[in-house]
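A short worksheet on the structure shown next.
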Amino acid sequence: MNELIESRGIFLDCDCGSKEEILSFIAGKAQEFGITDSQDALLQDLKNREEEFSTGLSEGFAIPHARTENVKRVNVFFLRNRTPLKWETLDGQDVTCLFALLVPEKNEGNIHLQMISSLATNLMENDFCRTVKECQDRDMLQSFILNTIA
């Protein structure tokens, strides 16, 4: 389960200026970590998903995701951006915290739907939101997220 969200996949100090820039950052890190072979293809998959329906939630959170042949293994990134990003959200607020879900197209079962559901449910809990917004320790945050969404 620890491979689902790795400490190195937690980015607490992103400095992206737009939705496209942070999606590109996600795709670039996925290529760097061997989760995809093509940053460009994964970026397009993430953008296509956003065009279908925004992944913005509320309270400054979004869950961009892609289930695609361009992903080799299931992985979750957590990103906290220094400045709020314009994003279509349920409450009209900009986004500062993102959980990016990357799932292979041929993945067994509906793990991506389970992860999205678990994250969305936990994002309704004030303690969960506060912890992921404020925690400065990657390893502690990794354990907290894994224990909460398990």
Side-chain angles (χ1 to χ4, degrees), residues 1-30 33 35-36 42-68 70-71 73-150:
M1 185 73 165
N2 282 2
E3 312 83 50
L4 185 63
I5 183 165
E6 303 170 63
S7 180
R8 69 179 181 163
I10 296 175
F11 307 95
L12 302 178
D13 224 8
C14 294
D15 195 21
C16 296
S18 67
K19 180 196 283 194
E20 173 140 3
E21 194 175 323
I22 204 153
L23 294 177
S24 182
F25 178 87
I26 292 165
K29 289 299 179 183
F33 298 163
I35 298 163
T36 186
L42 180 56
L43 174 59
Q44 191 58 53
D45 292 332
L46 289 165
K47 287 168 39 176
N48 289 345
R49 176 60 189 84
E50 284 296 323
E51 288 174 12
E52 287 175 23
F53 193 79
S54 176
T55 60
L57 299 176
S58 58
E59 302 294 324
F61 285 92
I63 306 177
H65 55 279
R67 182 174 180 185
T68 171
N70 296 308
V71 171
R73 59 184 162 83
V74 176
N75 205 275
V76 178
F77 290 163
F78 174 73
L79 305 95
R80 194 181 307 142
N81 205 53
R82 288 183 186 165
T83 57
L85 301 168
K86 296 287 179 210
W87 211 287
E88 290 179 35
T89 59
L90 300 174
D91 62 1
Q93 290 187 30
D94 292 342
V95 167
T96 55
C97 295
L98 302 94
F99 286 94
L101 283 56
L102 307 174
V103 181
E105 187 172 51
K106 295 180 180 169
N107 197 65
E108 293 294 319
N110 290 321
I111 191 167
H112 69 295
L113 296 176
Q114 294 166 357
M115 289 188 306
I116 292 168
S117 175
S118 179
L119 282 171
T121 299
N122 283 295
L123 288 171
M124 290 189 274
E125 301 295 328
N126 290 336
D127 289 342
F128 181 81
C129 291
R130 186 174 34 260
T131 299
V132 297
K133 283 182 176 182
E134 296 175 1
C135 184
Q136 294 300 318
D137 183 291
R138 281 183 174 83
D139 294 329
M140 285 178 54
L141 191 52
Q142 176 196 25
S143 294
F144 176 76
I145 293 168
L146 286 171
N147 289 333
T148 305
I149 67 172

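Counting heavy atoms from C-beta outward, Asn122 and Phe99 have side chains that stay 4.5 Å or more apart. Looking at Phe33 and Glu6, their side chains never come closer than 4.5 Å, going by heavy atoms from C-beta outward. Side-chain contact between Leu119 and Leu57: absent, with no pair of heavy atoms (C-beta onward) separated by less than 4.5 Å. A 4.5 Å side-chain heavy-atom check between Arg80 and Leu141 finds at least one atom pair inside the cut-off. Side-chain contact between Phe61 and Lys133 is present, with heavy atoms from C-beta onward closer than 4.5 Å. Taking 4.5 Å as the limit, some side-chain heavy atom of Leu46 sits within range of a side-chain heavy atom of Leu42. Looking only at side-chain heavy atoms (C-beta outward), Asn81 and Phe25 stay at 4.5 Å or farther from each other.
Note that CG of Leu43 and CG of Asn48 are 9.5 Å apart. Values are rounded to the nearest 0.5 Å. Going from atom CG of Leu4 over to atom CD of Gln142 covers 9.5 Å, rounded to the nearest 0.5 Å. Rounding to the nearest 0.5 angstrom, the gap separating the CZ atom in Arg82 from the CG atom in Asp15 is 4.5 Å. With rounding to the nearest 0.5 Å, the separation of CD1 in Ile10 from CG in Asp139 is 7.5 Å. A distance of 7.5 Å separates OG1 in Thr55 from CG in Leu23, rounded to the nearest 0.5 Å. Atom CD1 in Ile26 sits 11.5 Å away from atom CG in Asn75 (nearest 0.5 Å).
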With salt bridge (Lys or Arg N to Asp or Glu O under 4.0 Å) as the test, would you mind laying out the steps for Glu52 and Arg67 before giving the verdict? CA-CA 13 Å; Glu52 287 175 23; Arg67 182 174 180 185; over 6 Å; no
Could you check Leu123 against Ile63 for side chain to side chain contact (heavy atoms under 4.5 Å, CB included), going step by step and ending with a plain yes or no? CA-CA 10 Å; Leu123 288 171; Ile63 306 177; 4.1 Å; yes
For the pair Asn70 and Thr36, evaluate side chain to side chain contact (heavy atoms under 4.5 Å, CB included) and give the outcome as yes or no after the intermediate values. CA-CA 6 Å; Asn70 296 308; Thr36 186; 4.1 Å; yes
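Leu102 and Ala30 make their closest contact through CD1-CB, 3.8 Å (heavy atoms, listed as atom of the first residue, atom of the second, distance). Scanning both residues, Lys29 and Phe77, for their nearest heavy atoms gives CB-CE1, 3.8 Å. Nearest approach of Ala62 to Gly56, heavy atoms of both residues: CB-CA, 3.9 Å. What you find for Gln136 and Leu12 is that their closest heavy atoms are O-CD1, 3.5 Å. Closest of all the heavy-atom pairs between Ser118 and Thr148 is OG-O, 4.4 Å. The two residues Met140 and Cys135 make their nearest non-hydrogen contact at CB-SG, 4.2 Å.
Panel note: side chain Ser18, backbone Glu21; a donor-acceptor pair is recorded below 3.5 Å.
Among residues two or more places apart in sequence or in another chain, the side-chain hydrogen bond (donor to acceptor under 3.5 Å, both in side chains) test is passed with Lys47 by Glu20. Shown here are the salt bridge (Lys or Arg N to Asp or Glu O under 4.0 Å) partners of Glu50, two or more places apart in sequence or in another chain: Lys19. Remark: Asp91 engages Thr89, Gln93 in a side-chain hydrogen bond (donor to acceptor under 3.5 Å, both in side chains) (not counting sequence neighbours).
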